[in-house]
Q: 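The following block contains the structure, expressed as structure tokens.
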Amino acid sequence: MRNISLKRYLPRSLYGRAALILLVPIVTIQIVVSFAFIQRLYEDVTVQMTQNMVPQIALLAEAAAQSQDELEMRAQRLGVEADYPGTPIDTRIRFYDLSGRAIYTTLQQSFDTLTGIDLVENRKAVRISTAVEGEVLEMTFPRSRVSARNPHQLIVLMLATGALMTLIAYLFLRNQLRPIKRLAEAAESFGKGQVVPYQPSGANEVRSAGGAFLNMRSRIERQTQQRTLMLSGVSHDLRTPLTRLKLGLSMQPASKDNDALIGDVSEMESLITAFLDFARSDATEELEPCDPVQLTREVVENAKRAGQSVTLGEMPKTGVDMNLRPMAIRRALENLTGNAVRYGTNARVSAEVLETAIRISIEDDGPGIPEAKREEALKPFSRLDASRNQNKGSGVGLGLAIAADIARSHGGSLRLGESPELGGLSVDLVLPR
């Protein structure tokens, strides 16, 4: 038998859960008190008042059996309208009239000759009929003599007070949860590479968490700046001797060994460039409004001018304004299109604007990547030569890793799949709007 879990039906947000924790006790208490009040007022009190009315009804029935004058005299003294002989009354009680049911049950138990009771025609009066010596005695008396007046006042007061207290608690709860929401927004923005102003506020625990977040953000920013400065120095220190080495080799007489050494130096330079691009991760580039659809078109046009077999697939008719790092997105698209034409013959680039994101797809007709190795392919320096076409040349294993890192820095993701039309690898760069 499958277990039934309530988690899927509970709210997921902190605000919803806090509101649920607040409302459930209030509603439960009101329901319990209301039922206890109804049990006490509608049954016990109504039954007792109705039983007090039973002797008066019995006196009127006795007077009706004696004479009409005696009935009129007693009815006037008791404040009851009596008609003998009268007409039988049909029993009519509203389904929500709890005290009316108690009245009917008490009278029925006290008089075997009761023929009917009407509590619908006049809400403020009770009409009953009972058999007396083969005839029908019809009586009408005020409803207040057998049930409490305005019994709903306590329930209305409870509901009004509960609603007021719930509103006050809601406003207080919103003020308490607002700092947590601001902290979450600041953390989410920082995860996307955006530094938004944030000042800790709220309860002591929230302030403590906010201060820890600010300290962590400052440490990460300092480390990023230090890494950028260090990598700039490393780039200069490495490229200078490589340039001298290439210049010295180019001045040597042409030979197979010399050409091989020049190729090794060029490969070392490519490795250093790729590594620095990955390690730098565009930390110095700021977010700015740009159109990723137009960026995609430009990357495809540049690839065509470079002689690469890249075509443009389905594209949105209108652009999308988003806060992105244009150079980083361009580098990711160039890496992905470069991989597509390196390992395949043809590549196709398309884009689709979704409700909450934009998806840029790069497909090729190469051998693709097996599903079991796709996660490994996104790791830095991962080279799946066994599943890719080595005749097209092999990279350094950073193209997909750089693109995935750029996507994550924007709060998006990089997904690998199989192209349904070209049959090769399909890479989706998803960026949240």
Q: State whether the side chain of Asp364 and the backbone N or O of Leu425 hold a donor-acceptor pair below 3.5 Å, judged by distance alone.
A: yes
Q: How far apart are the closest heavy atoms of Ser350 and Glu363, and which atoms are they?
A: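 Where Ser350 meets Glu363 most closely, the heavy atoms are OG-OE2, 4.5 Å.
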Q: To the nearest 0.5 angstrom, please state how far the CD1 atom of Ile369 sits from the CG atom of Leu400.
A: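 Answer rounded to 0.5 Å: 5.5 Å.
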Q: With a 4.5 Å heavy-atom cut-off, do Arg374 and Glu418 have their side chains touching?
A: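 Side chain of Arg374 against side chain of Glu418, heavy atoms only: contact under 4.5 Å found.
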Q: Side-chain atoms of residues 196-211: list all donor-acceptor pairs with protein atoms under 3.5 Å, sequence neighbours left out, distances to 0.1 Å.
A:
| residue | atom | partner | partner atom | Å |
| --- | --- | --- | --- | --- |
| Ser201 | OG | Arg182 | NH1 | 3.3 |
| Arg207 | NE | Gly202 | O | 2.9 |

Q: Taking side chain as C-beta onward, heavy atoms only, is Glu288 less than 4.5 Å from Pro326?
A: yes
Q: Measuring only between side-chain heavy atoms, which start at C-beta, is Met49 closer than 4.5 Å to Ser144?
A: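 The answer is no; the side chains never approach within 4.5 Å.
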Q: With sequence neighbours excluded, tell me which residues meet side chain to side chain contact (heavy atoms under 4.5 Å, CB included) with Ile21.
A: none
Q: What is the distance from atom CG of Leu414 to atom CD1 of Ile360, rounded to the nearest 0.5 Å?
A: 11.0 Å
Q: Return yes when atom CZ of Arg217 has more than 12 non-hydrogen atoms of other residues, nucleotides or ligands closer than 6.0 Å, and no otherwise.
A: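 Check passes, neighbour count above 12.
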Q: Which atom names give the shortest non-hydrogen contact between Met139 and Val80, and what distance separates them?
A: CB-CG1, 4.1 Å
Q: Measuring from atom CG of Leu422 to atom CD1 of Ile362, what distance do you get when rounded to the nearest 0.5 angstrom?
A: 12.0 Å
Q: With Thr311, which residues qualify under side chain to side chain contact (heavy atoms under 4.5 Å, CB included), at least two apart?
A: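 Side chain to side chain contact (heavy atoms under 4.5 Å, CB included) list for Thr311, sorted by chain: Arg348.
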Q: If you measure from CG on Leu114 to OG1 on Thr106, what distance do you get to the nearest 0.5 Å?
A: 11.0 Å
Q: Judged by atom type as modelled, is there a donor-acceptor pair below 3.5 Å linking the side chain of Asp291 to the main-chain atoms of Val293?
A: yes
Q: Can you give me the closest heavy-atom contact between Gly100 and Ile93, atom names plus distance?
A: O-CD1, 3.9 Å
Q: Check the surroundings of atom CG in Asn122: do more than 12 heavy atoms from other residues, nucleotides or ligands lie under 6.0 Å from it?
A: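 Buried by this count: over 12 neighbours within 6.0 Å.
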Q: So do the side chains of Cys290 and Leu324 get within less than 4.5 Å of each other, counting heavy atoms only?
A: yes
Q: Arg222: which residues meet the side chain to side chain donor-acceptor pair (under 3.5 Å) condition with it, sequence neighbours left out?
A: none
Q: Would you please name every residue forming a side chain to side chain donor-acceptor pair (under 3.5 Å) with Thr50, sequence neighbours left out?
A: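 Partners of Thr50 under the side chain to side chain donor-acceptor pair (under 3.5 Å) test: none.
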Q: Side-chain contact, heavy-atom cut-off 4.5 Å: Asn335 with Ile406?
A: no
Q: Ser110 and Val54: which non-hydrogen atoms are nearest, and at how many Å?
A: OG-CG2, 3.6 Å
Q: Sequence neighbours excluded, which residues qualify as side chain to side chain donor-acceptor pair (under 3.5 Å) partners of Arg143?
A: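 Arg143: side chain to side chain donor-acceptor pair (under 3.5 Å) contacts with Asp97, Ser99, Ser147.
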Q: Which residues pass the salt bridge (Lys or Arg N to Asp or Glu O under 4.0 Å) test with Glu185, not counting sequence neighbours?
A: none
Q: Under the salt bridge (charged side-chain N to carboxylate O under 4.0 Å, His left out) rule, what pairs show up with a residue in residues 292-307, not counting sequence neighbours?
A: Glu298-Arg330
Q: State which residues pass side chain to side chain donor-acceptor pair (under 3.5 Å) with Thr115; sequence neighbours excluded, sorted by chain then number.
A: Ser129
Q: With Ala303, which residues qualify under side chain to side chain contact (heavy atoms under 4.5 Å, CB included), at least two apart?
A: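 Here the qualifying residues are Gln308, Val310.
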Q: Any side-chain heavy atom of Arg325 within less than 4.5 Å of one from His410?
A: yes
Q: Does Asp365 reach the main-chain N or O of Thr345 with its side chain, forming a donor-acceptor pair under 3.5 Å?
A: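 Yes.
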Q: Measure across Met315 and Val349 and return the closest heavy-atom pair with its distance rounded to 0.1 Å.
A: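 Scanning both residues completely, I find the closest heavy atoms to be SD-O, 4.3 Å.
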Q: If I compare all heavy atoms of Pro316 with all of Ala351, which pair ends up nearest, and what's the gap?
A: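 Answer, listing the atom of Pro316 first, then Ala351: CD-O, 3.5 Å.
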Q: Measuring from atom CD of Gln51 to atom CG of Leu107, what distance do you get when rounded to the nearest 0.5 angstrom?
A: 10.0 Å
Q: Given side chains that start at C-beta, do those of Phe141 and Val146 come closer than 4.5 Å, heavy atoms only?
A: yes
Q: State which residues pass side chain to side chain contact (heavy atoms under 4.5 Å, CB included) with Asp118; sequence neighbours excluded, sorted by chain then number.
A: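 Checked Asp118 against side chain to side chain contact (heavy atoms under 4.5 Å, CB included); matches are Ile89, Arg92, Val120, Glu121, Arg127.
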Q: Can you confirm whether Glu81 is buried at CD, in the sense that more than 12 heavy atoms of other residues, nucleotides or ligands lie under 6.0 Å from that atom?
A: no
Q: If only atom types and distance count, is the side chain of Arg94 paired as donor or acceptor with the main-chain N or O of Leu119 below 3.5 Å?
A: yes
Q: Measure the spacing between OH of Tyr104 and OG1 of Thr91 and express it to the nearest 0.5 Å.
A: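 If we round to the nearest 0.5 Å, Tyr104:OH and Thr91:OG1 are 4.5 Å apart.
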